[in-house]
Amino acid sequence: MKYTGIIMIVLGALIIALSYTTDRFLNSGAVDQNWVQGIALLLIIAGLPTHIHVVGKSSKA
């Protein structure tokens with residue numbers, strides 16, 4: 001539970017990197033899919049406040 005925010009950020013970055021890689025080398029068209037990029041963006045944006053909340057809560061205890 002401690003690393004939930006970091007996992008969300010890394011997962012979002014991996015989705016972006018994999019969509020670019022598959023589009024570049026396999027010509028999949030994943031970069032043009034807005035829902036793939038949107039999910040990655042939401043994971044990254046939601047991961048930051050989640051990480052701040054979890055770290056702030058654990059430092060007070």
Side-chain angles (χ1 to χ4, degrees):
M1 188 70 182
K2 183 178 177 183
Y3 299 108
T4 305
I6 298 296
I7 291 170
M8 290 171 66
I9 293 169
V10 169
L11 187 61
L14 280 174
I15 290 172
I16 290 174
L18 286 174
S19 71
Y20 172 75
T21 304
T22 59
D23 187 59
R24 176 85 170 134
F25 297 111
L26 301 176
N27 214 9
S28 67
V31 174
D32 296 331
Q33 301 296 324
N34 288 335
W35 64 272
V36 173
Q37 306 302 320
I39 289 172
L41 180 67
L42 287 175
L43 278 171
I44 293 171
I45 290 174
L48 186 60
T50 302
H51 177 66
I52 292 171
H53 177 71
V54 169
V55 168
K57 194 163 77 170
S58 66
S59 67
K60 290 179 184 176

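Side chains are part of it too, since the values below use all heavy atoms of this structure and drop only hydrogens, waters and symmetry mates.
Side-chain heavy-atom separations under 4.5 angstrom define the hydrophobic clusters, and the remaining members of the one that includes L41 are I45. Here I7 is tied into one hydrophobic group with Y3, each link being a pair of ILVMFWY side chains closer than 4.5 Å. In the hydrophobic clustering, V55 connects to no other residue, as no ILVMFWY side-chain heavy atoms lie under 4.5 Å from its own.
Looking at residues two or more places apart in sequence or on another chain, you find a side-chain contact (heavy atoms from CB on, under 4.5 Å) between I44 and I16. Scanning for side-chain contact (heavy atoms from CB on, under 4.5 Å) contacts around V10 gives I6, L14, with sequence neighbours left out. Under the rule for a side-chain contact (heavy atoms from CB on, under 4.5 Å), L18 has no partner lying at least two apart in sequence or in another chain. Qualifying side chain to side chain donor-acceptor pair (under 3.5 Å) partners for S19, counting only residues two or more places apart in sequence or in other chains: Q37. The side chain to side chain donor-acceptor pair (under 3.5 Å) test applied to S28 returns T22, not counting sequence neighbours. For the side-chain contact (heavy atoms from CB on, under 4.5 Å) test, residues two or more places apart in sequence or in another chain that qualify with T4 are M1, M8, T50.
Here the closest heavy-atom approach between residue A40 and residue G12 is recorded as CB-O, 3.5 Å.
Residues I15 and L43 are in side-chain contact: their nearest non-hydrogen atoms beyond the backbone lie under 4.5 Å apart.
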